[in-house]
Amino acid sequence: MRILANDGLDSAGIKMLEMAGFDISTEKIPQEELISRIAAFDILVVRRATKVTAAVLEAGNLKLVGRAGAGTDNIDMDRARELGIPVVNTP
């Protein structure tokens, strides 16, 4: 599974995910390109900077959205729920 940690991730977290067999990218894809590139990933992990809009959710085939931090106000929770995409956060 491919993970995009679009707003970065601690090196210990990256190492743990890689050891579990995940292919993780920490490339910062600009918001305006995210819709056209999200289909290449199974999981999206964001912090505050990336907005996970309905258009982003609809453009991909995401299995999970993770919010590294408190809250989910930058994620369209209603659309994620409608699409059956679980959203989790780690404050």
Could you tell me which residues satisfy side-chain contact (heavy atoms from CB on, under 4.5 Å) with Ala49, sequence neighbours excluded, listed by chain and number? Asp7, Lys28

Check residues 81-91 and write down every donor-acceptor pair under 3.5 Å in which the side-chain atom is one partner and the other belongs to a residue at least two apart or another chain.
unit_1, atom_1, unit_2, atom_2, d
Arg81, NH2, Asp78, OD1, 3.0
Glu82, OE1, Arg79, NH1, 2.8
Asn89, ND2, Gly69, O, 3.4

State, to 0.1 Å, how close [X] and [Y] come at their nearest heavy-atom pair, and which atoms those are.
X: Leu4; Y: Leu34; result: CD2-CD1, 3.9 Å
X: Gln31; Y: Val56; result: NE2-CG2, 4.2 Å
X: Ala39; Y: Ala59; result: CB-O, 3.9 Å

Grouping I, L, V, M, F, W and Y whenever their side-chain heavy atoms are under 4.5 Å apart, do [X] and [Y] come out in a common cluster?
X: Leu64; Y: Met77; result: no
X: Ile38; Y: Ile43; result: no
X: Ile29; Y: Leu9; result: no

Run the salt bridge (Lys or Arg N to Asp or Glu O under 4.0 Å) test against Glu33 and tell me which residues pass, sequence neighbours left out. Arg37

Using a 3.5 Å cut-off and no angle test, enumerate the donor-acceptor pairs between side-chain atoms of residues 12-26 and protein atoms at least two apart in sequence or in another chain.
unit_1, atom_1, unit_2, atom_2, d
Asp23, OD2, Arg2, NE, 3.0
Ser25, OG, Glu27, N, 3.2

Tell me, with the steps shown, if Asn6 and Val45 meet side-chain contact (heavy atoms from CB on, under 4.5 Å). CA-CA 6 Å; Asn6 205 49; Val45 178; over 6 Å; no

Got a second to check how far Ile3's CD1 is from Leu62's CG, nearest 0.5 Å? 11.5 Å

For Lys63, does its backbone N or O pair with a side-chain atom of Asp42 as donor and acceptor, under 3.5 Å? no

Could you give all pairs that pass the salt bridge (Lys or Arg N to Asp or Glu O under 4.0 Å) test and reach residues 66-76, with sequence neighbours left out? Arg48-Asp73

Do Leu57 and Val52 come close enough that some side-chain heavy atom pair is under 4.5 Å? yes

